[in-house]
There are 2 protein chains.
Amino acid sequence: MFTIAQAARRAGCPASTIRYYERVRLLPSARRGTNGYRYYEVADIERLAFVNRARQLGFSIDAVADLLRLADHPHSPCDGVDTLIATQLHSVEKRIRQLQTLAARLRQLQSACDGEHPIRECGILAALSDTRWNEA
Amino acid sequence: MFTIAQAARRAGCPASTIRYYERVRLLPSARRGTNGYRYYEVADIERLAFVNRARQLGFSIDAVADLLRLADHPHSPCDGVDTLIATQLHSVEKRIRQLQTLAARLRQLQSACDGEHPIRECGILAALSDTRWNEA
DNA sequence: CTTGACTTTGAAGTTACTTCAAGGTTGATC
DNA sequence: GATCAACCTTGAAGTAACTTCAAAGTCAAG
């Protein structure tokens, strides 16, 4: 049995995060000692690590809850899992495209100025102030 | 003079956002009519539009405040502006790299399953449950 | 003069946590 | 046994950038 800090170290997240996951019911209530302390065993820590890995992949808390529910039904078909992964991948890809557009615009702005003149003549602020900016 | 909804339409954001910007002091308090309504003129709307464009470029509220302060001092050198843009560009590029790593992992997970078998045999959940996942 | 669309405010909801304050527990040392 | 650091508990508040809500006042058209 491990205390919350030990479980946290093993799963790779702060103890406060474990308490948070318990509070929002992503994880079941931990067993308690007579002192009120939470105690975890290996299976609990594995579940927590599963959650952390899914979170690192960008899944929302709700999506992780879905994944856990699916993982708990080993006999149902796994296309639900595939769908969740695909949805997540699509949203990540979409975000990448948005950020790439953003980066391109920032680079364009950057090229409008060499930092050597007064702000009055700065091409960057001129571009940001330009009403026609949103077009194009 | 425009009411808040008219200003919002022209600047391309909800009226609630304008009130929010005023509350957090990103924009100065708007002029008020005897009825208590906020009224905006063209210059106010241009400033608001500037803010919206900068926000669309991913600048934080604080960074936008910096940009506005800089823009208000037309005689100082504009290297501060350049620095802000460069910082923002770097953080966007970093985020893109992170997301690309994420997308690659998700695609890898995806290839571990064709959605045709029970969850017990699903390569995706197996991979997510694998203690060795974090290595590699 | 009624109706519907607007406006006001402060407060709470959102996401996923983190941080804090105030207090109890544990284990080692003196 | 006392003390001390390092742990644990809880509920509440802070974070970012808004959005949504409720309750109430205002305005313009018909």
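Chain A is the first sequence line, chain B the second, and so forth, proteins listed ahead of strands; every chain is numbered from 1. The analysis underlying the following values was restricted to heavy atoms, covering all of them including side chains, and did not include hydrogens, waters or symmetry mates.
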Salt bridge check, A:D66 against A:R69: does any charged N sit closer than 4.0 Å to a carboxylate O?
yes
So does A:R32 get a side-chain nitrogen or oxygen closer than 4.0 Å to the phosphate oxygens (OP1/OP2) of D:dT10?
yes
Could you work out which one of C:dT18, C:dT8, D:dT19 sits closest to the side chain of A:R23?
C:dT18
How many Å lie between CZ on A:R19 and P on D:dA12, as a whole number?
16 Å
Please work out if A:R55 contacts a base, only the sugar-phosphate, or nothing of the nucleic acid, heavy-atom cut-off 4.0 Å.
sugar-phosphate
I need the CZ-C1' distance between B:F2 and C:dT7, as an integer number of Å.
17 Å
On DNA chain D, more 5' by nearest nucleotide between B:S16 and B:S60 is B:S60
Side-chain H-bond candidate by donor/acceptor type, B:Q98 with B:R95, under 3.5 Å
yes
Can we say A:R10 and A:E46 salt-bridge, meaning some charged N sits less than 4.0 Å from an Asp/Glu carboxylate O?
no
When the nearest nucleotide of DNA chain C is assigned to A:P14 and to B:R9 on a heavy-atom basis, which residue is associated with the more 5' position?
B:R9
Check every strand shown and say whether A:F59 touches a base, only sugar-phosphate, or nothing at a heavy-atom separation below 4.0 Å.
nothing
Below 4.0 angstrom from OP1 or OP2 of C:dT25, is there any side-chain N or O of A:R38?
no
Identify whether the distance between the nearest side-chain nitrogen and carboxylate oxygen of B:D44 and B:R47 falls below 4.0 Å.
no
Salt-bridge test for A:E22 and A:R32: reply yes if a basic N is under 4.0 Å from a carboxylate O, no otherwise.
yes
Mind calculating the distance between CZ (B:R25) and P (D:dA16) to the nearest angstrom?
18 Å
Toward the 5' end of DNA chain D, which comes first, B:I61 or A:N35, by nearest nucleotide?
A:N35
Could you state the atom-to-atom distance from CD1 of A:I4 to P of C:dC17 in whole Å?
14 Å
If only side-chain N and O atoms of B:Y21 are considered, is one of them under 4.0 Å from the OP1 or OP2 phosphate oxygen of D:dC18?
yes
Base, sugar-phosphate alone, or nothing: which one does A:T17 contact when heavy atoms must sit under 4.0 Å apart?
sugar-phosphate
Choose from D:dC8, C:dA16, C:dT9 the nucleotide whose nearest atom is closest to any side-chain atom of A:Y20.
C:dA16
